[in-house]
Amino acid sequence: MIRPATRGGIRPVGHVGAMAPYALADPVEKGTVSLAQNESAFAPSPLAIEAARKAATDLLPYPDPDWTELRDVIAGVHHLDPKAILCGAGSMELIASLVRAYAGPHEEVLGSEYGYLFMASACAQVGARYVTAPETGYRVCAGALLDAVTSRTRMVFVCNPGNPTGTLIANSEMVRLRNGLRDDILLIVDQAYGEFADGAEDGFEIMQLAQGSATVVTRTFSKAYALAGARVGWGMFPKPVLLEARKTLNPNNISQISQAAAAAAMGDQAHMKSVVARTAAIRDRFSGRCRKMGFAVPDSHTNFVLIPFAHADAAARADRMLRENGLLLRGMRGYGLAHCLRATIAEAPVMDRVASVLERISDET
Ligand SMILES: *Cc1c(COP(=O)(O)O)cnc(C)c1O
């Protein structure tokens, strides 16, 4: 006879037991379009699909643990040393690996008020404290972050461009932040949307920060490269940090199929740039329409837009009406922004539908 597991028999470690499960977007019902996860509006490069198909014909061996081809292509495109790059099963894995390596129980990881909430989960997993500094006008504020540093701070985490705000701070601000931090504080710059901002800001300068200081810069194939399902992210690491972070990664973390798809996608810069340009054009048109309705939409440098309503009830009502019309946006209560909805940019006709529903609402009020 096998005895069933009982409550109180098997017990998680304290800080895991105290954690809430990570809040992903609501499941998408049939007939509903999801604008809730910042997935790409457009398909990935056909070369990536072709490379994945080809890789799928030989899955007998374990994948390349050093991501050799993928790292070489990334390094070539971004003018970096391939040995300074780590690849993860999504940039989420890289972020979590850094927290495992550098933040212990009761130590502090400092983020920005509306920073990406996954960091809060990564901290909870190891019993570290996630604390935040205020933003000004939905923008990261280097001064506020520096003011919030304590003797327990081990890591500072900034998304630039931000999620869910979409806003961008200048690289010079980031350098000011780095220069104001102690050398024993690791700065993580999450550039999941970096490709959408590369025109506006010089991404290379931030990568240089990762060459010369205790700074890691992460990017992903999930957004501009339209490969969220492949789970591939990468980052530029200073050598000593790379060695530690690597110990806390799954040693065979990215499937051969995904490595091949990502390498081919990175090789097709023209396709990625076209996705970014087409997305930005739809985004700017949609933002303009929202502003005409009176919504104070912050300037987005990403593939989504944050829509602030007058109050939480108005946002909840809009969310209901959008769902009734087969459109699922992302509620922002978890970020302390219950009065906001976040809309991932989809093809133009879908965004026209979203705008029409919002117009009907604003006409009624
Ligand atoms: C989407 C996103 C990521 C990417 O996560 P992956 O694990 O690479 O898919 C990371 N950070 C932010 C802020 C994001 O919005």
Side-chain angles (χ1 to χ4, degrees), residues 22-25 34-41 44 48 67 70 74 85-100 109 111-123 125 130 132 135 138-140 155-169 174 187-197 203 206 216-236 245 249-250 253-255 258-259 261-262 265-266 272 275-276 279 283 298 300-306 329-330 332 334-335 337 340 342-345:
Y22 186 71
L24 282 169
S34 168
L35 306 175
Q37 296 227 81
N38 296 346
E39 291 145 339
S40 173
W67 326 281
L70 175 57
I74 295 170
I85 294 170
L86 280 186
C87 299
S91 50
M92 282 173 153
E93 191 195 20
L94 296 174
I95 293 165
S97 77
L98 286 165
V99 173
R100 282 194 291 272
V109 175
S112 197
E113 186 172 8
Y114 306 124
Y116 186 41
L117 269 182
F118 174 71
M119 184 47 112
S121 284
C123 289
Q125 285 172 4
Y130 181 60
T132 57
E135 297 198 4
Y138 299 119
R139 286 165 63 87
V140 169
M155 205 181 277
V156 174
F157 177 64
V158 180
C159 300
N160 195 42
N163 176 15
T165 58
T167 59
L168 183 72
I169 63 166
M174 202 65 78
L187 173 64
I188 306 180
V189 182
D190 176 344
Q191 290 207 311
Y193 304 93
E195 292 81 5
F196 292 91
I206 286 300
V216 170
V217 180
T218 62
R219 287 202 170 197
T220 182
F221 286 87
S222 298
K223 309 287 162 54
Y225 290 96
L227 290 173
R231 311 304 305 124
V232 190
W234 63 278
M236 175 73 189
L249 286 177
N250 177 339
N253 57 352
I254 309 178
S255 80
S258 293
Q259 291 193 39
M266 179 63 66
M272 183 277 285
V275 166
V276 165
T279 305
R283 175 196 69 209
S300 171
H301 297 268
T302 63
N303 69 339
F304 61 84
V305 168
L306 187 72
L329 275 61
R330 188 77 169 260
M332 290 286 117
Y335 284 92
L337 294 168
C340 294
R342 191 190 66 193
T344 304
I345 299 303

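Everything numeric in this text was worked out from a predicted model, so none of it was measured. In each ligand, atom 1 is the first atom listed, and ligand 1 is the first ligand listed. All values below were derived from every heavy atom in this structure, side-chain atoms included, with hydrogens, water molecules and symmetry-related copies excluded.
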Verify the ring-centre separation between Y193 and F304: is it less than 6.0 angstrom?
yes
Distance under 4.0 Å, heavy atoms only, partner ligand 1: which residues pass?
G90, S91, M92, Y116, C159, N163, D190, A192, Y193, T220, S222, K223, R231
Using ring-ring contact (aromatic ring centres under 6.0 Å, His included) as the criterion, list what pairs up with Y116, not counting sequence neighbours.
none
Are R283 and N303 packed together at the side-chain level, in the sense that at least one heavy-atom pair is separated by less than 4.5 angstrom?
no
How about E93 and C87: do any of their side-chain heavy atoms sit closer than 4.5 Å?
no
Are N38 and R330 close enough, and set up right, to give a side chain to side chain donor-acceptor pair (under 3.5 Å), and what steps lead you there?
CA-CA 10 Å; N38 296 346; R330 188 77 169 260; over 6 Å; no
Taking E195 first and then R219, would you say they form a salt bridge - that is, a charged N and a carboxylate O separated by under 4.0 Å?
yes
